[in-house]
Trainee: 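Take a look at the following structure, please.
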Amino acid sequence: MNDVSEPSSLAQPSDHLDPLFLRACRGEAVETTPIWIMRQAGRYLPEYRRVRKDVDFLTLCHTPDLATEVTLQPIRRFGLDASILFSDIMVPVEAMGVEVAFNPGPVIQNPVRSEEAIKALGRPDPTNTMGFVLQTVKNLRRELPPSVALIGFAGAPFTMAAYMVEGGASKDFAALKSLMFQDSIAFHALMEKLSLVVGDYLLAQIEAGAQAVQLFDTWAGLLSPTDYKEFVFPHVQSLIKRVKSPGVPFILYGNGTGGLLELMDQTGADVIGLDWRLEIEQALPRLSEGRVVQGNLDPSVLFAPPSIIQDQAARILQQIKPGQGHIFNLGHGISRHTPVEAVETLVTFVHDEGRRLRSSKAAEA
Ligand code: CP3
């Protein structure tokens, strides 16, 4: 252990057994800002493309050794503080009995649009139907360095429903909204079933060793605050209440959800993930005191030269006041066209600048 002969108000970098990422999620004083990147394992990495050359995406998700390997790829390359299980938000949808293909996003030939189709959906036992995911979690806890936290994840009920009802991505999600507004009973039944399935699934990931969990609500931004409150909020709130486990931070990520912040804040999530369409300093006054935030660099900034990447990251870090918990991330998943060097630049800069800002603020105090 460290010889702490000189007390200091600044948290010290050390051989902490408690990963930096988890301490930051809990809002503790940390030595620098942790960073991970949504979709950090993926096609911008040549080593991922080499694995994908021989297997399709679903096979990759279904094979623990391969899923473990691609999860570890970005960890080997960059000094990231957290690792996210490699899988997809549609894996539990398959387990519910719906056929899912990828091209490259999810495609469902027989969308779920009627009361009967919703009734026919199963509530799969994660151990029996998604044991491959749980095995990947176990492999990763064995393989990851103790300083790197493992994040489990699932799609939020609304985002899963979006793909299930629409059959794939869409500009306006007219079929989804038709079901929601024309047959709200069926829509709520679908959301309730998805909340149960996602809850079972996240609890199983935690049991297998996930140290934090993130719920991806990529399409929640399609809704007005009033409709989010009626159709989504109660389901997310009960899901979080059920899944929240001592010491396992719950992160709720939304895309295009600037209008929904106050509601997302009230769901019970520990950390709110923000996209880049609002400044963190605009978001903070709309969240509870002490709420930890994650984000929020525009993924396209990674196409710019290093000096611009650094300026943009610095602008975000400067908005975080002492005592405010923050995990650095992009505002959405990384693009497949991102140069690998841009990620190196970002990770190094966030750690260095996070450390520098803390020591200069401590010197001022
Ligand atoms: O973050 C990670 O590294 C973990 C893996 C992960 C993937 N998808 C792998 C993936 C995670 C956390 C997801 C979540 C996911 N999947 C979301 C929520 C986050 C978001 O991006 O909004 C959504 C909406 C999906 C559904 C999905 N799956 C889409 C839209 C796509 C197409 C993506 C694209 O870039 O074109 C997928 C396929 C997918 N999921 C890929 C990967 C690496 C690309 C598949 C390939 O190799 O061909």
Side-chain angles (χ1 to χ4, degrees), residues 35-63 66-78 80 82-94 98 100-108 133 136-137 140 144 148-164 166-171 173 176 198 201-202 205 210 212-222 251-257 273-276 294-296 299-300 327 329-338 343:
I35 173 169
W36 69 281
I37 290 175
M38 288 192 279
R39 299 254 206 95
Q40 62 194 23
R43 290 166 295 176
Y44 74 105
L45 290 176
E47 58 270 37
Y48 174 86
R49 295 197 298 270
R50 275 197 292 278
V51 174
R52 264 288 271 118
K53 194 162 54 58
D54 303 321
V55 286
D56 62 39
F57 176 65
L58 269 175
T59 306
L60 187 48
C61 292
H62 290 172
T63 313
L66 294 176
T68 303
E69 164 58 23
V70 298
T71 306
L72 293 172
Q73 287 175 345
I75 303 304
R76 292 191 193 112
R77 255 188 200 269
F78 314 113
L80 296 160
S83 177
I84 182 161
L85 161 75
F86 188 87
S87 184
D88 196 82
I89 61 163
M90 300 306 282
V91 164
V93 177
E94 273 191 304
V98 177
V100 183
F102 284 86
N103 183 26
V107 181
I108 293 176
V133 172
T136 304
V137 170
L140 286 166
L144 283 166
V148 178
L150 178 63
I151 306 171
F153 76 91
F158 183 73
T159 291
M160 289 167 73
Y163 288 109
M164 291 166 83
E166 203 68 39
S170 148
K171 226 174 145 161
F173 283 89
L176 173 72
V198 168
Y201 182 51
L202 288 176
Q205 290 181 36
V213 289
Q214 176 159 319
L215 197 65
F216 285 90
D217 219 347
T218 303
W219 294 113
L222 290 168
I251 310 169
L252 176 61
Y253 164 77
N255 184 34
T257 42
L274 303 166
D275 75 12
W276 66 94
Q294 176 175 279
N296 71 342
S300 302
I327 292 114
N329 206 317
L330 305 183
H332 196 188
I334 191 168
S335 158
R336 62 183 297 187
H337 304 294
T338 305
V343 178

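Counting starts at 1 for both ligands and their atoms, in listed order.
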Trainee: Test of understanding: with side chain to side chain donor-acceptor pair (under 3.5 Å), list the residues that count as partners of Arg76, not counting sequence neighbours.
Mentor: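 Arg76 satisfies side chain to side chain donor-acceptor pair (under 3.5 Å) with Glu69 once adjacent residues are dropped.
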Trainee: So which residues, sorted by chain and number, lie with a heavy atom under 4.0 Å of ligand 1?
Mentor: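 These residues qualify: Met38, Arg39, Gln40, Ala41, Arg43, Tyr48, Arg52, Phe57, Ile84, Leu85, Phe86, Ser87, Asp88, Ile89, Phe102, Pro104, Gly105, Pro106, Phe153, Tyr163, Phe216, Thr218, His332.
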Trainee: Before we go on, tell me: are the rings of Phe173 and Phe158 under 6.0 Å apart, centre to centre?
Mentor: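 Aromatic pair excluded; centres sit 6.0 Å or further apart.
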Trainee: Output, in order, the C-alpha distance, side-chain angles, deciding distance and verdict of side-chain contact (heavy atoms from CB on, under 4.5 Å) for Tyr163 and Val93.
Mentor: CA-CA 10 Å; Tyr163 288 109; Val93 177; over 6 Å; no
Trainee: Which heavy atom of Val343 sits nearest to which heavy atom of Ile37, and what is that distance?
Mentor: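 Shortest heavy-atom separation between Val343 and Ile37 comes out as CG1-CD1, 3.7 Å.
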Trainee: Please round to the nearest 0.5 Å and tell me the distance separating atom CD of Gln214 and atom CD1 of Ile84.
Mentor: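 Rounded to the nearest 0.5 Å, the CD-CD1 separation comes out at 5.5 Å.
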Trainee: Can you tell me how far apart NE2 (His332) and CG (Leu330) are? Round to the nearest 0.5 Å.
Mentor: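 Between atom NE2 of His332 and atom CG of Leu330 there are 10.0 Å.
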